[in-house]
J.: 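Have a look at the structure that comes next, please.
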2 protein chains.
Amino acid sequence: MNVRTLCLSILYEGESTGYEIRRLCVEGECAYFIEASYGSIYPALAKLEDEGMVTSRVEPQNGKPAKKVYSITAAGRQAFAAQLAEPLGEDLFRSPFLLFARYVHILPRELVAQRAQEFLDRMTEKHRHLEEAMAERGSNASDTWVINFGRAVMGVAQQHVQTHMHELIDLALAEPNKDAAE
Amino acid sequence: MNVRTLCLSILYEGESTGYEIRRLCVEGECAYFIEASYGSIYPALAKLEDEGMVTSRVEPQNGKPAKKVYSITAAGRQAFAAQLAEPLGEDLFRSPFLLFARYVHILPRELVAQRAQEFLDRMTEKHRHLEEAMAERGSNASDTWVINFGRAVMGVAQQHVQTHMHELIDLALAEPNKDAAE
DNA sequence: ACTTGCATGTAAGTGGTTACATGATTGG
DNA sequence: CCAATCATGTAACCACTTACATGCAAGT
């Protein structure tokens, strides 16, 4: 979905700031994987305030710059629920690596090995992250459901790459003469 | 990646037209899941021709409008390979349904059941599509690798939803009085 | 008569990202 | 002294989507 809805969903759970919302998405607890930058979050929050979906208060901090804490309003909650009731957009999976993988036969073996390892590392990291999220907190039941879905999917993805990456690497071009160079 | 690279990747395998490229993506064989509309494909092809990455020839057809068949050039092949050698963008998975799922406790049971079913149907369809792609054609080894990855992931995704969707539905709001209405 | 499929393309709009601007404080 | 973290925001840019414009032929 869009950043607007993302903001409402986070504020639905409790007060937050633009900075924190961004952190939640990038490093974050957001198990359903979405990313947003400041350049989209701050304008979205400002617009939501304009529309009366959220309110803000400035909270000074000692040693740190003041922060603008946003809270969702009744209208905001209603708008969010209405949004969820509307037909959902399609789920999309975009993988530059899988495009890369289709052309390993024209690429040097070394590069393929490196990219495959990087892909595996990212899968492993995401899986580990979800395992952690599960173990840590007493999240509510639906959050748990979402995390478990993610765990299941990431689990096989990681395992599949781990056990089959060498097959992909073997399809790559013979590495350009390394010994001959020296 | 971007539409430009997408076009090069398809033309790398053989001649094609803007119309066909779009069909390949939307309905298509493109196992690594990407979508693009005419509004992005046609300009991308025109620009690639400007840059000498592709050439085109107009092919009249009887009963159908003439089509513009594009072919990749040596420069195009080189540019594509160079593109693949560059650091890959991150794989991203965006699921409106998983956002929806986190808030089932504030949504009517009927709606949740419907959306969950729709989600399952889409998973099943995608999985079936990959199974078909595998069975059908004598695709090359790297394409097969990519399809197998997709099959593995889609397989568990589908199965997980199938076996656990009722748990999610049970978390929904009690359905608003239906019998009382009449 | 109307819709669907084939086929190409443009213009306007959207929903973002990247980079910049600012500034205080803490830690290496 | 420099980098990083906290914190907010804007402006320029980008890729892509949606809707429009055009047109012919075959099927219903």
J.: Within the 4.0 Å heavy-atom criterion, would you say E35(B) contacts the bases, only the backbone, or no part of the nucleic acid?
T.: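 Sugar-phosphate contact only - E35(B) comes under 4.0 Å of backbone atoms but never of a base.
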
J.: First locate atom CZ of F119(A), then atom CD of E90(B), and finally report the distance between them rounded to the nearest 0.5 Å.
T.: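 Taking CZ in F119(A) and CD in E90(B), the distance rounds to 11.0 Å.
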
J.: Want to settle it: does T17(A) or N2(B) sit nearer the 5' end of DNA chain D, counting the closest nucleotide to each?
T.: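 Upstream on the strand: T17(A).
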
J.: Under 3.5 Å, is there a donor-acceptor pair linking the side chains of T124(A) and D121(A)?
T.: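 The answer is no; no qualifying pair exists.
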
J.: Between dC6(C) and Y19(B), is there an OP1 or OP2 to side-chain N/O distance shorter than 4.0 Å?
T.: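 Yes, such a contact exists.
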
J.: Can you measure K64(A) atom NZ to dG27(C) atom P for me and round it to whole angstrom units?
T.: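 Value for this atom pair: 11 Å.
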
J.: Does S40(A) have a side-chain nitrogen or oxygen under 4.0 Å from the phosphate oxygens OP1 or OP2 of dG15(C)?
T.: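 Answer no for this pair, as no side-chain N or O of S40(A) is under 4.0 Å from OP1 or OP2.
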
J.: Which of the following nucleotides, dG23(D), dT10(C), dT8(D), is nearest to the side chain of P65(B)?
T.: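 Of all the options, the side chain of P65(B) is nearest to dG23(D).
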
J.: What's the CG-P distance between L6(A) and dT17(C), to the nearest Å?
T.: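 Taking CG of L6(A) and P of dT17(C), I get 10 Å after rounding.
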
J.: Could you give the CD1-to-P distance, from I21(A) to dA7(D), as a whole number of Å?
T.: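 For the pair I21(A) CD1 and dA7(D) P, the rounded distance is 13 Å.
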
J.: Testing the 3.5 Å rule here: is there a donor-acceptor pair between the side chains of H127(A) and E131(A)?
T.: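 Yes - a donor-acceptor pair under 3.5 Å links their side chains.
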
J.: Please state how far atom OH in Y38(B) lies from atom C1' in dA11(C), giving the value in whole angstrom units.
T.: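 So the OH-C1' distance, Y38(B) to dA11(C), works out to 18 Å.
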
J.: Between the side chains of E110(A) and Q114(A), does any donor sit under 3.5 Å from an acceptor?
T.: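 Side chains of E110(A) and Q114(A): no pair found under 3.5 Å.
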
J.: Heavy-atom nearest nucleotide on DNA chain C for R4(A) versus V69(B): which residue maps closer to 5'?
T.: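 Nearest-nucleotide comparison on DNA chain C picks V69(B).
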
J.: For the pair made of CG in L48(B) and P in dG9(C), what is the distance, rounded to whole Å?
T.: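 These atoms are roughly 13 Å apart.
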
J.: Could you tell me the separation between the CG atom of L45(A) and the C1' atom of dA7(D), rounded to a whole number of Å?
T.: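 The answer, rounded to whole Å, is 13 Å.
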
J.: In whole angstroms, how far is the P atom of dA12(D) from the OH atom of Y42(A)?
T.: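 From Y42(A) OH to dA12(D) P: 21 Å.
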
J.: Could you give the CG-to-P distance, from D50(A) to dG9(D), as a whole number of Å?
T.: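 Whole-Å distance recorded here is 12 Å.
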
J.: With a 4.0 Å limit, can you tell me whether Q61(B) has a side-chain N or O closer than that to the phosphate oxygens OP1/OP2 of dA7(C)?
T.: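 It does, given that an N or O in the side chain of Q61(B) lies less than 4.0 Å from OP1 or OP2 of dA7(C).
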
J.: Look at all strands and tell whether A46(B) reaches a base, only sugar-phosphate, or nothing, counting heavy atoms closer than 4.0 Å.
T.: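 Counting heavy atoms under 4.0 Å across all strands, no contact is made by A46(B).
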
J.: With nearest nucleotides of DNA chain C determined for K67(B) and G39(B) from heavy-atom distances, which residue corresponds to the more 5′ nucleotide?
T.: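 The 5'-side residue here is K67(B).
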
J.: Any heavy-atom pair between the side chains of S56(B) and V69(B) that's under 4.5 Å?
T.: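 Answer no - side chains too far apart.
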
